[in-house]
A.B. asks: 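Got a structure here, written out as structure tokens. Questions coming.
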There are 2 protein chains.
Amino acid sequence: MGHPPFAVTVDLVVLTLTGEELCALVVRRGIEPYRGEWALPGGFVREDEDLSDAARRELAEETGLAPGTVHIEQLAAYGAPDRDPRMRVVTVAYLALAPDLPVPRAGTDAADARWIPVRSREHLAFDHDRILADGLERARAKLEYSPLATAFCAPEFTVAELRRVYELVWDTRLDPRNFHRKVTGAEGLLEPTGRTTTRDGGRPAQLYRRGKAELLYPPMLRS
Amino acid sequence: MGHPPFAVTVDLVVLTLTGEELCALVVRRGIEPYRGEWALPGGFVREDEDLSDAARRELAEETGLAPGTVHIEQLAAYGAPDRDPRMRVVTVAYLALAPDLPVPRAGTDAADARWIPVRSREHLAFDHDRILADGLERARAKLEYSPLATAFCAPEFTVAELRRVYELVWDTRLDPRNFHRKVTGAEGLLEPTGRTTTRDGGRPAQLYRRGKAELLYPPMLRS
DNA sequence: ACAAAAGTGTTTCTAATACACCCATGG
DNA sequence: CCATGGGTGTATTAGAAACACTTTTGT
């Protein structure tokens, strides 16, 4: 009746949007167990490190992304006794959303890294299929009532780019006109920059930055 | 660069409704650290035990509640390096909602246990103030879009009793007539038993069981 | 009879949807 | 000029809010 020793890791569900798809970052494992298989990036929490610091450190190591530009939040803890054959490991999973797709960079214990489309349903090592599924569900749900969709966008973005985030993550179509009215009307969601762009073709579109709102009201509705 | 050993615990935010207040279960610590102070119930995860099993075991040990009658779900993990002065401890917090208030039962390492009204803002040991606040926020948020409110009710309950759950957890008043129409109209939320009760006074009220719905649509709105 | 709480009907207002239409650019 | 996407106006409809009113019990 003491306290058995555990190893504690952080694992990352890192999502981004390529041109046409919602993708997750995976790394090929360079060591046992599951050597050679694809898994979520992650690693052991260090002696004097907070969980969120460990998650941010791993994210920087595996992607080279500047920490400031990436949204990161805790997802859940996973600790089934047999989830790692080596020893008892509890992992705390984090969800990260990145605006663009920098070329993934291999970490110290990862031979390779790449983006996989989430609809490919590729099998991952450990219980990472489940963790990825939970991360996706969290991201999809939070788009409804939070400004999280802006985390997938560059610092300055158009309404159409924001709409494409919703359409790709939810795999639906949204009416461009009603969407425009809704997001420009939502208090504190968007901050106009005054500048415009024609990068999407057609009439120039206003460029916006994310506003200060933490909550999206009224919420977007998944059709 | 190995993997430093951690202790892993589960802590419980157990909420119930007394006659007039939303209350959380706390135990007085019988051992150091924080001996004699109030804390959330919890304990170490055993060698071959899943996290959720540990949470359910602790809940049964500290309350004597039959596991089937209590809603329990994972809340979050907390792992600041200095959160326990003895050693590096990561705790996985669970949120539990109980229908009535059985007399709390002292656990093995707890000298005493009691319900505290959440509005008392009583100070707890470790980082348990924060964990309790997170649990409250989770419960309040989930009432909006899930049938979670029924977890505070006895197996058979009236619409008025369900409404009182919302009013106490949210600390608001809801129109009894619109509330009635809304919850009886929500698909799969309530299952009529055909029986009635006059325990609330006045005209007899229909008794309901919780339905099979996992999601509440349309959601309840916090005013 | 009266108080008290359950439950229904109806009106008003807000917001989602659908879609016609105009605007501003590139080619 | 026309194609393309940005953005506005407006009618329809669903649901929230407010509240008058009826029902069924206990005392």
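Residue numbers begin at 1 in each chain, while the letters A, B, ... track the order of the sequences.
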A.B. asks: Figure out the CZ/C1' separation between A:Arg173 and D:dG5, and round it to whole Å.
C.D. replies: 13 Å
A.B. asks: Under a criterion of less than 4.0 angstrom to any heavy atom of chain A, what are the 5'-terminal and 3'-terminal contacting nucleotides of DNA chain C?
C.D. replies: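 Using the under 4.0 Å cut-off, the span is C:dA16 to C:dT25.
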A.B. asks: I need the CG-C1' distance between B:Leu174 and D:dA16, as an integer number of Å.
C.D. replies: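 So the CG-C1' distance, B:Leu174 to D:dA16, works out to 12 Å.
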A.B. asks: Report the distance from atom CD of B:Glu187 to atom P of D:dG15, rounded to the nearest whole Å.
C.D. replies: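 It is 12 Å, rounded to the nearest whole Å.
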A.B. asks: If each of A:Asn178 and B:Tyr217 is mapped to the nucleotide of DNA chain D with the nearest heavy atom, which maps nearer the 5' terminus, i.e. the 5' end?
C.D. replies: A:Asn178
A.B. asks: Of A:Gly201 and B:Thr184, whose closest DNA chain C nucleotide lies nearer the 5' terminus?
C.D. replies: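 The residue whose closest nucleotide sits nearer the 5' end is B:Thr184.
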A.B. asks: Between A:Gln206 (CD) and D:dG5 (C1'), how many Å, whole number?
C.D. replies: 14 Å
A.B. asks: Please tell me which of the listed nucleotides, D:dG7, D:dT23, D:dT25, lies nearest to the side chain of B:Arg203?
C.D. replies: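 Output: D:dT23.
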A.B. asks: Taking 4.0 angstrom as the limit, do B:Asp53 and B:Arg57 come out as a salt bridge?
C.D. replies: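 No, no charged N to carboxylate O under 4.0 Å.
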A.B. asks: May I have the distance from A:Arg164 (atom CZ) to D:dG6 (atom P), rounded to whole angstrom?
C.D. replies: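 Taking CZ of A:Arg164 and P of D:dG6, I get 12 Å after rounding.
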A.B. asks: So how far is it from A:Leu143 CG to A:Arg138 CZ, rounded to the nearest 0.5 Å?
C.D. replies: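 Separation between the atoms: 12.5 Å.
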A.B. asks: Of A:Arg177 and B:Pro204, whose nearest nucleotide on DNA chain C comes first from the 5' end?
C.D. replies: B:Pro204
A.B. asks: How many Å lie between CZ on B:Arg199 and P on D:dT25, as a whole number?
C.D. replies: 16 Å
A.B. asks: Could you measure the distance from the CG atom of B:Leu132 to the CG atom of B:Leu12? Nearest 0.5 Å is fine.
C.D. replies: 12.0 Å
A.B. asks: Rounded to the nearest Å, what distance is computed from the CG atom of residue A:Leu162 to the P atom of nucleotide D:dG6?
C.D. replies: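 Roughly 12 Å, once rounded to whole Å.
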A.B. asks: Over how many whole Å does the gap from A:Asp175 atom CG to D:dG7 atom P extend?
C.D. replies: 14 Å
A.B. asks: When you check the gap from the basic side-chain N to the acidic O, do B:Arg209 and B:Glu156 get nearer than 4.0 Å?
C.D. replies: yes
A.B. asks: Rounded at 0.5 Å granularity, tell me how far CE in A:Met220 sits from CG in A:Leu174.
C.D. replies: 5.5 Å
A.B. asks: Quick one: is A:His180 getting a side-chain N or O under 4.0 Å of the D:dG6 phosphate, OP1 or OP2?
C.D. replies: no
A.B. asks: Would you indicate which nucleotide in D:dC19, D:dG5, D:dT8 comes nearest to any side-chain atom of A:Asp200?
C.D. replies: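 When the side chain of A:Asp200 is considered, D:dG5 is the closest of D:dC19, D:dG5, D:dT8.
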A.B. asks: Can you measure from OH (B:Tyr94) to CD (B:Glu58) and round to the nearest 0.5 angstrom?
C.D. replies: 12.0 Å
A.B. asks: Taking any heavy-atom pair under 4.0 Å as a contact, classify A:Arg163: base, sugar-phosphate, or nothing.
C.D. replies: sugar-phosphate
A.B. asks: Any chance you could lay out the ring-ring contact (aromatic ring centres under 6.0 Å, His included) test for B:Phe126 and B:Tyr78, step after step, and finish with the verdict?
C.D. replies: CA-CA 11 Å; B:Phe126 301 104; B:Tyr78 301 82; over 10 Å; no
A.B. asks: Determine the contact category for A:Pro218: base if any of its heavy atoms lies under 4.0 Å from a base atom, sugar-phosphate if only primed atoms, P, OP1 or OP2 are that close, otherwise nothing.
C.D. replies: sugar-phosphate
A.B. asks: Tell whether A:Arg181 reaches the base of D:dG9 with its side chain through a donor-acceptor pair below 3.5 angstrom.
C.D. replies: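 Donor-acceptor pair under 3.5 Å: yes.
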